[in-house]
Amino acid sequence: MSTANAAHSVVEPSAGTRRFAGSLVILYAVITMIPLIWIVLTSFKSPDDAISYPPKVVFSPSFEGFCNLFTTRSRQTPEFIQTLGPPQGLCDSIARSRNMVVAGPSNYVPRFVNSLIIAFGSTVLAVALGTLSAYGFSRFRVPLKDDLLFFILSTRMMPPIAVAIPIYLMYRTIGLSDTRLGMILLYTSVNVSLAVWLLKGFIDEIPREYEEAAMIDGYTRFQAFVKVVLPQATTGIAATAIFCLIFAWNEYAFAVLLTSGNAQTAPPFIPIIIGEGGQDWPAVAAGTTLFLVPIVVFTVLLRKHLLRGITFGAVRK
Amino acid sequence: MAQIRVEALDKSFGTFHAVKAASFTVEDGQFLCLLGPSGCGKTTTLRMIAGLELPTAGTIRLGGEDVTMNRASARDIAFVFQLFALYPHMNVRRNIGFPLKCEGIDAVERERRVVEVARILRISHLLDSSVSGLAGGDRQRVALGRAIVREPKCFLMDEPLGALDTEMREAMIHELRALHDRLGATTVYVTHDQLEAMAMADMIAVMNDGVVEQVASPRDIYDRPASLFVADFIGSPPMNFLPFRGSLEAGAQTIRLGEHEVAVPAAREALAESDLVLGVRPEHVRFTDRGMVRGEVYGSEYLGTTQIVTVTTRYGALKARSPASVSFRTGESVGLDFRPDTLSIFDKESGRAIRTALYEGGAHG
Ligand SMILES: Nc1ncnc2c1ncn2[C@@H]1O[C@H](COP(=O)(O)OP(=O)(O)OP(=O)(O)O)[C@@H](O)[C@H]1O
Ligand SMILES: [Mg+2]
């Protein structure tokens, strides 16, 4: 990557300039990473270390946060605990040291699964719909094209929370309240406008001669779209998918309002993990740490496309 | 292989009339160049023949069959785009084999034909390279390969050499023509470069502003232009135009230019008094002291074996081609006359050529 770019530079930056630029980048990276690092560190602290003042940077790591994230526990008298057999694994022994026993699994795993299903489901839907409509807008004479495109974009102009109450009432009436399908449809409808606009830019950049050549060679338009346009739009599709996924994955306001027992996603669940005597910060941090993993994995997998994609197709070979 | 017949083809984009009643015929195995300035409707005409654009009116026949409303894929033609339209996500082999894959031809046969085409185009060594790394000329060959691999009824090419540098272009002009002679495929080739058209075409159709002005062999286009536009567009430097007013009788062999009688090819039509234009190619202007047009040398442009001498006369600046060995002084007074059998006469108002012994009429001859 860097070697290819270096060939384009008019003057090679001097070693000093490079070092200066490098340290700036590192400094910026550190500043943005601090909250993340702090969360990861907190997830390995004991509850006391987590709220100690001044904050502890060096501490003895503990898995209590993760244990508390995945389990529910009940307080018992030491005498009762004595009567039990040997502890069942690490979490049980941590709990017993605090005069508690593990009562069962927490809701974190089902909430996390909900998040996965809803976020990926809505991303796939939004990108698929977005690609098709972007292709239509890009290639065909659509009546009122500009007005339609503006209308699609305008759904993004107000804060989502402004429509939360009507949607809540609507969903309750038609039975989509607190369902995964309801949340998938909701996030899809929010993301599809972004997807159409982003993807239209990318598809406009693909010369229509490519499909025309394929159509002359015997493909139908749909075949040409699948075999010729899609492979060339992968960059745009990947970039759009990441934007959609990040929105759906992190969405909080609608999730709080529209989901509870059944379809609740991780974001509204994590902050309300309560431990003994209030907020269980290590468990919250552990939940957040794990919550970051899918996005990081997805982004790393699509990184190659994203790097070119976020320039919005401006780079042509 | 097949004849292409375009009859009274019309195309409007909304209120914009891009192609107006275009008609021409490309005989089986012929190479026709569609030549005209930018924006005159060449690409639109070609896209209608290909089926990428539906005409507003008119018919298109391929090998006698009316295909006006057929889908592009049902016409059995190959199109070479200006941008080459090579698929960047496929290597050379797969690019060339793509049309065969669309037709559902099996892998063994496909490979055989791709290798054969690559051999003809001398790109066998590139079959496994990615198309994005190829030089312009090689990209062009791959695009041609994709067109010829299917052995279609005819080829349509839209400025396929437009993106190449001059040197590459010269070489490709000869290669393309040689390829055509070898395959004998009916070809329509769009270009705005007259030298390309002159060098390659059996027939040239000159378009201007959506109208096909003349369809003829390169020699006829040059020697017997059907309109002022064609005369002006073809040739470098272009034809000299001397405006005059007069009438013509059928069979008349002279016209009156000022106070002189000028011998011209015998007129084949009668004309009431009107504004006319006499057209003279620079190479048909002769320097002679007894010349009927007198003027002063304004300057000359040295071209190696010849030179273009500009002479200011009462009819405006005239350009004459003369051997480079003759020397002219600026301001020198010279007499000019014209080779009678080469002169064209045009009607100024309509721009059409008057029928004479030189130009027998019929724009589509
Ligand atoms: N899809 C379209 N919608 C509206 N106008 C169009 C469309 N396609 C072409 N035109 C117009 O029709 C005219 C002829 O276009 P065309 O592309 O056929 O010209 P051309 O002779 O190929 O020119 P060039 O040498 O620049 O390629 C142009 O003025 C162009 O702007
Ligand atoms: Mg064109």
Side-chain angles (χ1 to χ4, degrees), chain A residues 1 3-5 7-8 131 135-136 138-147 199 202-239 302 304-305 307-309 311 313-317, chain B residues 13-14 43 46-47 49-54 70-90 94-105 130-134 139 142-160 163:
Chain A
M1 182 104 285
T3 50
N5 286 344
H8 288 277
T131 312
Y135 181 75
S138 170
R139 293 296 196 259
F140 298 108
R141 226 176 312 138
V142 180
L144 300 179
K145 181 191 277 188
D146 293 342
D147 302 284
L199 285 164
F202 283 103
I203 291 177
D204 281 344
E205 291 262 313
I206 303 172
R208 58 174 69 210
E209 277 86 353
Y210 286 116
E211 300 129 76
E212 289 175 343
M215 277 153 65
I216 287 173
D217 289 342
Y219 271 6
T220 62
R221 183 173 279 277
F222 186 73
Q223 281 172 320
F225 170 72
V226 173
K227 294 272 165 69
V228 177
V229 179
L230 285 189
Q232 295 193 59
T234 41
T235 298
I237 292 174
L302 298 184
K304 186 179 85 202
H305 297 296
L307 271 176
R308 283 184 42 213
T311 58
V315 184
R316 305 281 297 164
K317 58 250 138 216
Chain B
F13 296 107
T43 299
L46 201 67
R47 286 170 61 87
I49 301 175
L52 295 172
E53 207 90 63
L54 283 183
N70 287 10
R71 279 159 59 138
S73 55
R75 297 190 185 196
D76 193 19
I77 40 152
F79 201 115
V80 180
F81 291 89
Q82 175 162 12
L83 294 165
F84 310 155
L86 301 179
Y87 307 122
H89 58 291
M90 301 181 186
R94 288 181 55 212
N95 259 289
I96 297 180
F98 184 81
L100 300 178
K101 202 170 162 197
C102 296
E103 282 184 2
I105 287 170
S130 126
V131 291
S132 43
L134 295 183
R139 278 169 176 247
V142 176
L144 281 173
R146 206 172 62 190
I148 66 179
V149 74
R150 230 181 57 214
E151 296 162 16
K153 278 202 192 119
C154 53
F155 292 120
L156 308 178
M157 307 191 190
D158 190 1
E159 310 209 19

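Protein chains get the first letters and strands the later ones, always in sequence-line order, with residue 1 at the start of each.
Considering D76(B), L52(B), L156(B) in turn, L52(B) is the only one that fulfils the side-chain contact (heavy atoms from CB on, under 4.5 Å) rule with I216(A).
For the atom pair D217(A) CG and I77(B) CD1, the distance stands at 9.5 Å (nearest 0.5 Å). Note that the CD atom of E209(A) and the CD atom of Q82(B) stand 8.5 Å from one another [nearest 0.5 Å]. Here F13(B) contributes atom CZ and R141(A) contributes atom CZ; the two are 8.0 Å apart, rounded to the nearest 0.5 Å.
There is no contact between T234(A) and chain B, counting heavy-atom distances below 4.5 Å. For R75(B), no part lies near chain A; criterion is any non-hydrogen pair under 4.5 Å. For L86(B), the part lying near chain A is the backbone, with the side chain staying farther off; criterion is any non-hydrogen pair under 4.5 Å.
For the options R150(B), E103(B), R146(B), M90(B), heavy-atom pairs under 4.5 Å to chain A are most numerous at R150(B). Of the residues considered (A50(B), A147(B), C102(B)), C102(B) shows the highest number of contacts with chain A, using heavy-atom pairs under 4.5 Å. By number of non-hydrogen pairs under 4.5 angstrom with chain A, the leading residue of G104(B), A78(B), A72(B), P99(B) is P99(B).
Contact record, R71(B) with T220(A): NH2-CG2, 3.5 Å, taken as the closest heavy-atom pair. In plain terms, the two heavy atoms of Q232(A) and H89(B) that are nearest each other are CG-ND1, 3.9 Å. The two atoms that bring G218(A) and S73(B) nearest to each other are CA-CB, 3.5 Å, heavy atoms only.
Remark: F222(A) CZ is loosely packed, at most 12 non-hydrogen atoms of other residues, nucleotides or ligands lying under 6.0 Å away.
By the 4.5 Å heavy-atom criterion applied to side chains, F81(B) and E212(A) are counted as neighbours.
A distance-only check finds a donor-acceptor pair linking the side chain of Y87(B) to the backbone of A214(A) [under 3.5 Å].
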